[in-house]
Structures are given as C-alpha cells and as structure tokens.
Amino acid sequence: MAAAGRKNGSMPALGWWLMAVGALRIGLTWSGFFNATSLGAATYAQAEMTGVHGRTFGVWTLLSCTLCFLCAFNLDNRPLYVATFMSFVYAYVHFILEYLVYHTFTAANLGAFALAAVTSIVWMLLQWNSHAPRAATAKRA
C-alpha cells in the first residue's frame, strides 16, 4: 500500500521534500523545548517567549513534524495526506494572523516560514491525486 505512489519502490520528490521539512521542524521542536527565550527573540517581534509557550510551540511543531514523516512514506494514504496538507495551511494562517492582527511576528520571519509552508501547500495541491492508490482511481467495471 505504501508503495502505490512510488515508481520502482523509490520515494517521490514530494516525499523527500516532506522529510526535509520534517527535519527542519525537529530543530524548531528542540528550540521550543530547550531554548524558548532564543526562539522567541529570533521569531517574534514583541513578545518574550516563556517556557510554557516554548513547550507548546515544541509540541505543536513535533506533531507537524510527525505528520510530515508519516506522509512522506505514505503518500497514498488520503486522510494522512489531507491532515499533513492542512497542518501547513493552519500553521501558515496562524503566522499570517500573528503578523497582521497581533503584530507579534515580523515580515522577514513570515517570508522564511513561507518558504516551507507555501512550497509544501502548492506542491501537495499539484500532486493531490498523483499518489492515490491505483485501485481507487481505476473505474470499476
């Protein structure tokens, strides 16, 4: 089942991209748990990030990292694909709101997060049905 979207058993480029984004998110998770003050100073414009905020950010990022890795190896699993896709949408909308409404996020950081989030959103939209199981896409006789 996991190899349905793969050719010759190799991982598609989208899978490699999701693994790279997941690895990046592991670093952010680490920062959230063990270096919240630096993460807050580097990311947010006004607010100082407390330990509880850092750990919350860390758990949220760890969850999205897990989704990236699971989806990378199971691109044919439609519910997992949608959950991973939506995690990018929710995260980026959250940061847009932090920038536009609450003014706690900088434009430079919004652009940096866009590199991973918007690229992933667009790529996953373009590949929406490319990795669907063949049995599900074939017309029943």
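Keep in mind the model is a prediction, meaning the values are calculated, not measured.
- Using bins of under 30°, 30° to 60° and over 60° for the plane-to-plane angle, the ring pair F95/W60 lands in the tilted bin.
- We find the OH-OG distance between Y90 and S64 to be 13.5 Å, quoted to the nearest 0.5 Å.
- Under the 3.5 Å distance criterion, the side-chain polar atoms of Y99 are left unmatched by any main-chain donor or acceptor of N109.
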message: As a quick check of understanding, evaluate side-chain contact (heavy atoms from CB on, under 4.5 Å) for F34 and T29, giving each step before the final call.
response: CA-CA 9 Å; F34 301 109; T29 298; over 6 Å; no
field: side-chain contact (heavy atoms from CB on, under 4.5 Å) between F105 and L97, intermediate numbers included
entry: CA-CA 9 Å; F105 210 66; L97 290 174; over 6 Å; no
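- Under the 4.5 Å side-chain criterion, counting only non-hydrogen atoms from C-beta, N129 is in contact with R78.
- Side-chain N or O atoms of T84 include one that pairs as donor or acceptor with a backbone N or O of L67 at under 3.5 Å.
- We find the CG-OG distance between L75 and S130 to be 10.0 Å, quoted to the nearest 0.5 Å.
- Interatomic distance, CE of M86 versus CD1 of I121, reported as 9.0 Å (0.5 Å rounding).
- Judged purely by atom type and a 3.5 angstrom limit, N77 uses its side chain to pair as donor or acceptor with the backbone of L80.
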field: Criterion side-chain contact (heavy atoms from CB on, under 4.5 Å) on L110 and Y92, from CA distance to verdict
entry: CA-CA 8 Å; L110 191 62; Y92 201 59; 3.6 Å; yes
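- Residues L18 and F88 have side chains in contact (heavy-atom distance under 4.5 Å, counting atoms from C-beta outward).
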